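Only a predicted model underlies this, so the values are computations on that prediction, with no experimental measurement involved. Chain naming here is simple, since letters A, B, ... match the order of the sequence lines and numbering starts at 1 in each.
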Amino acid sequence: MLSHPALKAIRRELFASRTDGLISLGLLALIGASLLGLLRWAFLQAQWVVIQANSTLFAVGRYPLDQQWRLWLLVALLAMASGLSWGLLRAIPRADRSGVLWPLNDRIALALLAFLASWAPAALGLSVPLQARWWLITALLLAIRWSAGRWGRRLPPRLLKLVPLIWPLLYLLGMALISGGLGLVRVPPSEWGGLLLTVLMASFAILASFPLGVLMALGRRSELPLLRWGSVVYIEFVRGAPLITLLFLGQNILGFMLPGGLAPDRVWRAAWVLTFFCGAYVAEAVRAGLASVPAGQQEAARSLGLTVPQALQQVVLPQALRIALPATVGQFISLLQDTTLLSLIGLLELLGTARTVMANPDFLGLTAEVYLTLAVLFWCCCAALGLGSRALERRLDPTHSPA
Amino acid sequence: MIPWLVQGVVGLAMLVVIALLVGNLVRNLTAAGLLLSWRWLGQPASFDVAESLIPFDAAMPYWRALVVGLVNSLRAIVVGLVGATLLGTAVGMTAYSGNGLVRRLGRIYVEVIRNIPLLLQLLFWYFVVFLSFGNGTEALQIPGVVLAKSGLYLAWFAEGWSWQGPQLVNGIWQAPWRFSVEFAALLTGLITYTGAFVAEVVRGGIAAVPRGQWEAATSLGLHWSQSMRSVVLPQALPVIIPGLNSQYISLAKNSALAVAVGYADLYSVAETTLNQTGRALEVFLLLLGAYLVIDLLISAVMNGLNQLVQIRER
Amino acid sequence: MTTPSISSAQAPAATGPWMIEAIGVQKRYPNGFHALRGVDLRVRRGEVVVIMGPSGSGKSTFIRTFNALEEFQEGSITIDGTALSNDLRNIDLIRCETGMVFQQFNLFPHLTVLQNLCLAPVLVRKRRRSEVERQATALLERVGIAEQASKYPGQLSGGQQQRVAIARSLCMEPRILLFDEPTSALDPEMVGEVLEVMKGLAADGMTMVVVTHEMGFAREVAHRVVLMSEGRIVEEAPPSTFFTNPQHERSRQFLAQIL
């Protein structure tokens with residue numbers, strides 16, 4: 001009877017002995033009951049209207065309605081840049097990469113994107129024109145992905161080298177689009193909110209804390225006592241304190257420490273605190289990476305005539321950063337999670353927005369719906385970062401790359 | 001020569017920046033009449049602290065309020081450490097269970113918990129779970145445990161070593177042990193969150209023990225649990241303990257998020273103190289010092305433990 | 001014991017100018033260990049000198065002073081007319097002229113074999129990449145692993161890695177090659193292929209200082225064999241005399257141990 005391989009596997013995995021069987025049955029019953037309860041709640045009791053009615057608030061906070069076209073433009077540009085990079089990544093095969101245009105992972109991503117584009121706007125109850133915008137943006141992404149994959153190889157190599165530059169440029173352009181200036185109406189940071197603010201805070205702190213962390217790690221290993229002790233004091237000071245007390249420092253004391261008028265506004269103060277906070281942890285990750293590069297590497301580079309900066313840049317750092325990559329991305333993931341603490345000092349990022357929504361008498365008591373939605377959102381973002389990190393790690397591993 | 005020049009320039013820059021910051025700080029604080037002073041610590045706090053292990057009322061001075069907060073923090077940290085260690089060790093060991101379902105559940109738990117912000121989890125436990133039950137007969141009742149809006153009630157030995165469960169007296173629950181909902185929610189959040197990280201540390205530590213040790217233990221006829229307890233875990237400990245150290249320190253620091261669920265820990269009392277006195281710098285220094293001491297204490301204990309394990313190894 | 005014959009690998013005794021002049025070199029480690037206690041050694045252009053000695057005798061430390069991987073406190077070292085001092089420019093110059101091959105290969109694991117070879121010539125000598133790549137390919141051909149050029153070091157065997165390391169040093173076109181126990185980390189069956197490459201270099205007239213325990217190589221290729229013990233040179237002689245008729249008691253003990 002139990003001859004099918006799947007059945008055999010189930011038997012081996014779950015019912016190897018009597019106690020195992022009992023445990024498995026108990027757990028299965030428990031899982032079934034919880035799933036049933038969750039599903040019943042999600043489809044019959046939960047009032048998802050709280051999410052639908054506030055979707056704009058969750059997305060961008062109180063960003064002025066008549067200026068929101070700038071954000072749409074930014075999303076469209078981001079979609080185009082992603083499509084281009086994705087397509088070119090597949091179109092230009094490297095020694096360690098197969099030349100398949102649509103590998104399995106890409107087909108899964110394609111299906112996921114198509115599903116998200118058709119389901120999410122509808123589920124959020126967006127008006128038809130808004131839904132259509134999302135469809136258009138997704139279509140744009142996929143169209144560029146397709147054409148870049150198809151014709152990318154014909155582009156001149158010089159142009160291809162410039163493609164990665166799109167991203168920093170786009171980041172700066174995005175900042176300009178969001179905050180205004182240069183002929184656009186200014187939108188002060190106090191009006192940014194929701195997912196927009198969360199993403200801005202996290203991305204800014206990640207980008208700025210990385211070079212800071214590398215410098216501090218190098219400083220900590222320097223032979224010059226002043227550099228070394230400066231770095232040590234900074235790193236240990238920051239790592240010794242809870243983030244919330246540092247945010248407290250930023251909000252209540254930083255203003256006293258800078259000359260009047262120079263102190264940035266509350267949002268940027270928090271962003272800098274996040275940056276300096278994350279920088280200390282990145283420094284420790286990078287230091288561990290540096291420590292794991294054998295001394296012989298530096299010696300070999302120096303005996304080939306490379307100067308200290310050259311040896312560092314060409315030989316030691318590439319290896320150290322690769323080793324430090326998982327720990328660093330781990331720090332970035334927890335930084336993304338730590339942006340929720342900004343709600344405790346009164347900023348309206350995702351969690352702060354959520355709390356204002358729940359304080360609204362119309363949506364009183366709908367905490368479970370809101371918190372679960374946020375949890376799913378954060379989970380997806382963090383899990384995606386983790387997956388990306390592991391993929392990058394595999395790609396950068398010189399010993400496992402196929403010849 | 002060049003390195004020393006670099007050092008001189010960097011040192012000078014550091015000095016200038018520090019001098020500027022401190023100079024501004026002193027000038028601005030003097031202007032605001034808030035220059036460093038500790039006399040306000042002796043003035044009456046005139047606010048109440050929701051729960052306290054030592055006697056406290058609003059007429060007592062600020063320092064007493066801060067001590068109450070510190071004691072509350074320490075209580076949460078100590079209980080949290082024990083709970084997270086137990087939970088994390090159990091979950092970490094499931095990774096080596098023969099039962100596929102147990103293994104996968106352990107994995108799912110770790111992956112779900114680690115990728116959701118702790119603050120969100122704390123708020124979820126507090127507002128969605130712990131506050132969802134009413135008082136009196138509407139409370140959640142499990143034998144030995146009652147969860148009501150007024151608190152978490154646990155059975156324990158009462159006078160004369162008699163086991164006593166929670167009882168409803170005139171519509172109010174009474175039990176040998178009562179915890180506030182805030183404390184219970186904070187601990188649940190801290191323990192489940194840190195537990196996931198501890199589980200990873202434990203799993204990694206066990207993975208560092210060579211396979212041959214498992215095989216040797218099994219070939220001597222030891223069961224899974226016997227091999228784990230007497231052969232594998234003792235060897236994994238030197239790897240596990242340093243990892244635990246950093247997880248414990250983050251638990252201690254994360255306990256400051258108690259302010260979000262209204263538990264009167266050190267940070268939350270300090271925030272109230274700041275709002276009443278405006279003494280930002282002093283309050284910050286006190287907070288920093290307190291958490292630094294807690295971190296150092298944990299590190300000292302864990303280093304001692306580590307040495308113990310190392311010596312036993314040899 | 002057979003009388004050593006002069007093989008074809010050994011070039012005629014060198015008579016060129018001095019390439020290395022080390023005089024009275026003393027080295028103390030910060031922990032007080034006196035590693036070198038006044039060592040003198042002079043090497044002519046085209047000469048092959050093999051340094052032997054028990055572990056801890058200071059032989060590795062000694063050749064590492066030649067390209068300033070180790071500092072020394074007293075004495076002087078002159079490499080091809082340039083004195084080693086704390087002047088950074090001199091050190092960089094000398095490092096360009098002296099190649100070093102390590103016991104642990106120290107290839108850069110994140111670069112391919114070809115990139116390993118091209119890194120320094122492009123960065124330090126500022127040569128054109130295409131030209132360097134051509135030279136690197138030729139060198140890989142010479143050490144017999146041209147077909148591995150696009151692989152990563154981690155994918156090669158120990159012997160192949162060491163041959164890449166030699167080619168990497170050669171790509172800088174050094175005037176002196178230093179070998180720090182180049183075959184000690186290799187499996188026995190791979191020692192031969194590395195020694196073959198080294199013999200070829202000697203036959204081409206490269207100035208080489210080799211720390212090794214390979215007696216065969218010393219007999220066949222070296223012009224001089226130097227025995228170090230406890231931070232001093234105990235004996236210095238042509239291989240024919242060194243192996244058959246050592247002058248010092250310490251040398252006889254050492255030879256008795258390793259033969």
Side-chain angles (χ1 to χ4, degrees), chain A residues 9-10 12-17 20 23-24 27-28 31 219 222-227 230 237 239-245 248-249 251-253 255-260 333-334 336-341 343-344 351 354-355 358 367-368 371-372 374-376 378-383 385-386, chain B residues 3-4 6-8 10-11 14 20-22 24-29 32 34 97-105 111-112 114-121 123-124 127-129 131-132 249-250 252-257 259-260 267 270-271 274 278 280-281 283-284 287-288 291-292 295-296:
Chain A
I10 287 176
R12 193 184 59 240
E13 290 271 277
L14 303 188
F15 303 100
S17 69
D20 251 2
I23 293 174
S24 299
L27 284 175
L28 280 175
I31 296 169
S222 162
E223 285 168 11
L224 308 175
L226 201 59
L227 289 187
F237 163 77
R239 280 166 24 105
L243 174 57
I244 180 80
T245 62
F248 175 102
L249 170 85
Q251 297 302 314
N252 296 306
I253 303 177
F256 285 121
M257 296 173 89
L258 296 168
I333 291 175
S334 55
L336 179 59
Q337 300 186 4
D338 284 338
T339 56
T340 52
L341 264 65
S343 69
L344 293 182
L351 188 57
R355 296 179 92 179
M358 288 179 293
T367 47
Y371 285 138
L372 269 180
L374 287 200
V376 169
F378 270 106
W379 190 88
C380 291
C381 292
C382 296
L385 272 178
Chain B
W4 289 95
V6 171
Q7 174 154 254
V10 170
M14 266 161 58
L20 257 173
L21 293 181
V22 174
N24 274 319
L25 187 65
V26 170
R27 200 166 46 245
N28 290 330
L29 285 180
L34 287 172
S97 160
N99 188 323
L101 196 61
V102 172
R103 246 184 0 249
R104 287 191 183 96
L105 274 182
E111 289 301 328
V112 165
R114 284 204 312 179
N115 285 327
I116 298 176
L118 171 62
L119 183 56
L120 197 56
Q121 295 187 33
L123 293 173
F124 180 86
F127 287 108
V128 179
V129 178
L131 286 187
S132 65
I249 288 179
S250 29
K253 289 188 288 184
N254 283 335
S255 74
L257 293 183
V259 67
Y267 180 79
E271 211 179 49
L274 167 73
L281 187 61
V283 169
F284 173 72
L287 277 177
L288 197 66
Y291 283 106
L292 201 67
D295 292 353
L296 289 177

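Only the side chain of Leu288(B) comes within less than 4.5 Å of a heavy atom of chain A; its backbone N, CA, C and O stay farther away. Using a 4.5 Å cut-off between heavy atoms, Arg114(B) contacts chain A through its backbone alone, with no side-chain atom that close. For chain A, the nearby part of Tyr267(B) is the side chain; its heavy atoms alone come within less than 4.5 Å. The contact between Asn99(B) and chain A is made by backbone and side chain atoms together, counting heavy-atom distances below 4.5 Å. Using a 4.5 Å cut-off between heavy atoms, Leu274(B) touches chain A through its side chain atoms alone. Only the side chain of Val259(B) comes within contact range of chain A, with at least one heavy atom under 4.5 Å from a heavy atom of that chain. Looking at Ile333(A), the atoms closer than 4.5 Å to chain B (heavy atoms on both sides) all sit in the side chain, from C-beta outward. Interface residue Leu281(B): backbone and side-chain heavy atoms are both found under 4.5 Å from chain A. Residue contact with chain A, scored on non-hydrogen atoms closer than 4.5 Å, involves the side chain of Leu257(B) exclusively. Using a 4.5 Å cut-off between heavy atoms, Ser343(A) touches chain B through its side chain atoms alone. Heavy atoms of Ile31(A) lying under 4.5 Å from chain B belong exclusively to its side chain.
Distance alone, capped at 3.5 Å, places no donor-acceptor pair between the Glu111(B) side chain and the Ala383(A) backbone. Without hydrogens or angle criteria, Asn24(B) side chain to Met257(A) main chain gives a donor-acceptor distance under 3.5 Å. In this structure, Lys253(B) contributes its side chain and Ile244(A) its backbone to no donor-acceptor pair below 3.5 Å.
Looking at Leu344(A) and Leu119(B), their side chains come closer than 4.5 Å, going by heavy atoms from C-beta outward. Here the side chains of Leu120(B) and Tyr371(A) are in contact, with some heavy-atom distance below 4.5 Å.
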Pair Phe256(A)-Val26(B), side chain to side chain contact (heavy atoms under 4.5 Å, CB included): steps then yes or no = CA-CA 8 Å; Phe256(A) 285 121; Val26(B) 170; over 6 Å; no
Begin with the C-alpha distance, continue with both residues' side-chain angles, and end with the deciding distance and a verdict on side chain to side chain contact (heavy atoms under 4.5 Å, CB included) for Leu25(B) and Ile253(A).
-> CA-CA 8 Å; Leu25(B) 187 65; Ile253(A) 303 177; 3.9 Å; yes
Please assess Leu226(A) against Val10(B) for the test side chain to side chain contact (heavy atoms under 4.5 Å, CB included), listing each intermediate value before the final yes or no.
-> CA-CA 8 Å; Leu226(A) 201 59; Val10(B) 170; 5.5 Å; no
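Interface check for chain B: of the options Ala368(A), Pro225(A), Gly386(A), Ser334(A), the most heavy-atom pairs under 4.5 Å are formed by Pro225(A). Considering only heavy-atom pairs separated by less than 4.5 Å from chain A, the leading option among Ile249(B), Leu105(B), Val129(B) is Leu105(B). When each of Asp338(A), Asn252(A), Leu249(A) is scored by its heavy-atom pairs under 4.5 Å with chain B, the top score falls to Leu249(A). Ranked by non-hydrogen atom pairs under 4.5 Å with chain A, the options Val22(B), Val112(B), Val102(B) are led by Val112(B). If you tally non-hydrogen atom pairs under 4.5 Å between each of Leu292(B), Leu20(B), Leu29(B), Leu118(B) and chain A, the highest count goes to Leu29(B).
Going from atom CD1 of Ile23(A) over to atom OG of Ser97(B) covers 7.5 Å, rounded to the nearest 0.5 Å. To the nearest 0.5 Å, atom CG of residue Leu123(B) and atom CG of residue Leu351(A) are 5.5 Å apart. The CZ atom of Phe124(B) sits 5.0 Å away from the CG atom of Leu372(A) when rounded to the nearest 0.5 Å. Once rounded to the nearest 0.5 Å, the distance linking CH2 of Trp379(A) with CD1 of Ile116(B) reads 8.5 Å.
Pairing each heavy atom of Gly98(B) with each of Asp20(A), the nearest pair is C-OD2, 4.5 Å. The minimum heavy-atom distance linking Gly240(A) with Tyr291(B) is given by the pair O-CB, 4.0 Å. What you find for Phe248(A) and Ala280(B) is that their closest heavy atoms are CE2-O, 3.9 Å. Heavy atoms only, all atoms of each residue included: Leu101(B) and Ser24(A) are closest at CD2-O, 3.6 Å.
The aromatic rings of Phe237(A) and Phe284(B) lie perpendicular to each other, with more than 60° between the two planes, well past the 30° mark.
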